[in-house]
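For reference, the structure discussed in these notes is given below.
Order of the sequence lines fixes the chain letters, A, B, ..., with proteins taken first and strands second; residue numbering starts at 1 for each chain. Basis for what follows: all heavy atoms, side chains included, without hydrogens, waters or symmetry-related copies.
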Amino acid sequence: MNNVSITLALILAAIGTGCQTTPERSRNLNDPSVSGKTLAQQVCSNCHGIDGNSVNPNFPNLAEQQKDYFVDEIKEFKSHDRFDPAGFEYMWGLSRSLTEKQVGELAAYFAAQKNIPDKSADPKREAEGKLVFDQGVPAKNIPPCMACHGPEAAGNGTFPRLAGQHADYIMKQLTVFQRTDERPQGAVMKNVAHDLTPDNIANVAAFLSTLSKK
Amino acid sequence: MKRNLTSLLSALAAMSVLLLPGSAEAVPAFARQTGQNCVACHAGGQFPELTPYGRMFKLTGYTIGERTLPLSMMGVLTANKVKVADPAQGATQNGDLVFNTGSLFVAGKITDNIGGFAQITYNNYDGPNPDTGSFYGHTGSDNLDIRYADRLIDTNRDFIYGLTLNNNPGVQDVFHSVPAWGPATVPGSTGPGNGLTPILDNALGAQAAGIGAYAYWDKTVYAEVTGYKTGDGVFSFMTQGNGGQAYLKGTNPYVRVALTKEWGPHNAMVGLTHFDVHQYEADPSSPTDRYRDTGIDAQYQYLLDPYTLTATVARIHEGIDYGSGVPSATINSLRAKTSFTYQAKYGATLSYFNMTNNQMQESSGWTPEVFWTPVQYVRLGLQYTLFNKNEGVTDPRDPTGASILDAKSSNTLFFYVWGAY
């Protein structure tokens, strides 16, 4: 029996000493030699999906996201300038040691994925959301979302893609913009979102979640 | 009562001084390693229920993140008030607030493929001294799980495989329907009272050494085979300080299969466990008892900020054949638990247990609990266990020990303050 123990201990010791870092499959967030693609697959995919489409709407879809916006957000997490709870609880730590090169590679990885929008669930709400997206709410001087995010909500540079984003995520972020200063880089959204009613927010989120960029 | 209140307030004041300030990264070793808050891995920040991400963190060998100081501490203050208390059990039953257990964790990633945790626990109420009757404290090894893991993942496949070295059958599991992480995991919790529990229910905790291999395919199928043997020789560090060593005959197989599915904010698991154990009744010269445990369990989770809900149910059937010729025994355990959290601060749980057997030592009952997590390192909870059945408990007020108490006499109010740093 002792021989069995010793053999097992030796196997574990051999594994421990023999298996060096495999940069292609590392989950080390503080190793500049690990590529952004590897980190996207080994770490980010746990919440955001291997193809940038997350299962749980707590986590945003990153597929086809604008690279400049993605890089800005990681920088904001890293500097702790963005401090909405859902952001800092998960992202401050994960982003703290990423290099600029890795962040760029992560942005490229997710931008190259194919976004999968949610299925239509409430056509009436989505139609009303489309009105807000296309025309804003003129009576309240709320500009149309498409003015910055593009007619297909594909985003542009530092303006994020919204098409195919989870409705729950959009609703929560609009609420963060509207009620807090927790996302200073998106401060422009505070003015835009200020007079949106909860119903406006739910409608536009429902519309965007089902929108597929052509 | 006044003394209780004073000691409670002093304890809370002391803990708040220790734990109040600090960044989100300032607590237990794993949170330091990833830099994330507890809520990333624990559903609603409650311990120990894992989120899908927490399960992946464990299955990939605790290796996500960066190496940091791999040390953490945990302390639990408790007060148990049993309806008809046994004076001989003193502070463990009379409602006094006591320091129950303190643990030191060595936890974290070692290499990019290896990581783990080892817990060493000081139990302040390990047992009564037979001469004086007063309780003494004791330090021993507690849960341990060290892993090697690798993950082959791209857009076409996701395959995690690994090895685990652990000391408690089930502690390596990532679901909370298994007894090692199931109901009553807060030290001092009432549990199923006097009812007999199967060997899979922590009976070999920190008493055996297991080495196993596991695989998780496409976030769908989990399979594991682990062999447990006596935790002596080179493995004795895993069972150190736990009193009488349990002696197992040969290598005893533990087999686990589970199917998992995630959709939207929901995730679910259904699993099977089989554990076949030959254990010597005393030392290796004594007769061997054979335990055959078969369990079926399920878990459902709903996770969408600011709410989490985790529901588990587990049924274990055990057959015991005694080497000494005593007639065979059959033990069944049914446990279920649902927990709910709001804003990772406020929570409630409801547990049910029903232990049946042919040994006249059955129990059943309910444990509702409410808890509050003011900061992520501290949780205060209040439980009440209502027994419908608790066979074989003698009346402590009867000097002859002949009178048997009714089940409700064992009802217990339990308060705890749990902190980790």
Side-chain angles (χ1 to χ4, degrees), chain A residues 1-6 8-12 15-31 34 37-43 45-47 49-52 54-59 77 80 85-86 88-97 113-114 118 166 168-169 172, chain B residues 23-25 31-40 45 51-53 55-57 60-61 63-67 109-114 146 148 150-156 158 163 165 209 211 219 227 229-230 232-235 250-251 262-267 303-306 343-344 376:
Chain A
M1 192 46 60
N2 254 345
N3 289 343
V4 176
S5 312
I6 290 164
L8 291 173
L10 285 175
I11 291 170
L12 279 180
I15 289 167
T17 52
C19 295
Q20 297 302 316
T21 302
T22 317
E24 311 81 57
R25 298 204 294 276
S26 173
R27 291 169 286 278
N28 191 339
L29 292 164
N30 188 21
D31 180 353
V34 179
K37 181 182 174 185
T38 296
L39 293 178
Q41 293 175 329
Q42 294 284 338
V43 181
S45 74
N46 284 319
C47 296
I50 184 70
D51 60 355
S54 58
V55 175
N56 188 318
N58 264 345
F59 309 106
F77 286 129
H80 296 187
F88 80 73
E89 287 166 354
Y90 294 87
M91 289 305 300
W92 279 11
L94 294 181
S95 62
R96 66 187 158 181
S97 302
Q113 305 302 317
K114 176 79 184 142
D118 290 337
H166 294 300
D168 187 79
Y169 183 77
K172 282 175 181 157
Chain B
S23 74
E25 307 167 6
R32 272 199 301 272
Q33 178 178 315
T34 64
Q36 295 173 303
N37 277 33
C38 302
V39 296
T51 62
Y53 171 68
R55 294 197 278 274
M56 298 308 266
F57 178 80
T60 52
T63 58
I64 294 174
E66 48 194 82
R67 268 206 296 244
K109 71 180 285 171
I110 300 165
T111 73
D112 277 0
N113 295 102
I114 298 174
I146 297 168
Y148 166 87
D150 198 357
R151 184 179 197 180
L152 309 171
I153 180 170
D154 56 35
T155 43
N156 299 315
D158 182 5
L163 299 173
L165 171 71
I211 292 185
K219 290 189 180 175
K229 61 181 289 299
T230 304
D232 58 2
V234 292
F235 296 114
T251 302
E262 277 184 71
W263 70 103
H266 315 271
N267 68 77
L303 305 171
L304 190 64
D305 291 341
Q343 289 184 338
Q376 63 170 350

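With chain A as the partner, the residue from Leu304(B), Leu152(B), Asp158(B), Thr155(B) showing the most heavy-atom pairs under 4.5 Å is Leu304(B). The most heavy-atom pairs under 4.5 Å with chain B, out of Asn58(A), Ile50(A), Asn30(A), come from Asn58(A). Your options are Asp51(A), Val43(A), Leu94(A), Leu39(A), and the one with the most heavy-atom pairs under 4.5 Å with chain B is Leu94(A).
Side-chain contact between Phe57(B) and Gln33(B): present, with at least one pair of heavy atoms (C-beta onward) separated by less than 4.5 Å. Residues Thr63(B) and Asn113(B) are not in side-chain contact: their nearest non-hydrogen atoms beyond the backbone lie 4.5 Å or more apart. A 4.5 Å side-chain heavy-atom check between Asn28(A) and Arg67(B) finds every atom pair outside the cut-off. Within the 4.5 Å cutoff, side-chain heavy atoms of Asp150(B) are placed close to those of Arg25(A). A 4.5 Å side-chain heavy-atom check between Phe88(A) and Asn37(B) finds at least one atom pair inside the cut-off.
Under the side chain to side chain contact (heavy atoms under 4.5 Å, CB included) criterion, Ser95(A) pairs with Ile74(A), Phe77(A), Lys78(A), Leu98(A), sequence neighbours left out.
The contact between Gln113(A) and chain B is made entirely by side chain atoms (from C-beta outward), counting heavy-atom distances below 4.5 Å. Both the backbone and the side chain of Leu303(B) come within less than 4.5 Å of a heavy atom of chain A. For Thr60(B), the parts lying under 4.5 angstrom from a heavy atom of chain A are both the backbone and the side chain. Interface remark: Lys172(A) contributes side-chain atoms only to the contact with chain B (heavy atom separation under 4.5 Å). Heavy atoms of Ser54(A) lying under 4.5 Å from chain B are absent altogether. Proximity to chain B (any heavy atom under 4.5 Å) is restricted, for Asp168(A), to the side chain, taken from C-beta onward.
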**Request:** Check the pair Phe59(A), Tyr90(A) against ring pair (Phe, Tyr, Trp, His ring centres under 6.0 Å), reporting the backbone distance first and the verdict last.
**Result:** CA-CA 10 Å; Phe59(A) 309 106; Tyr90(A) 294 87; 5.4 Å; yes

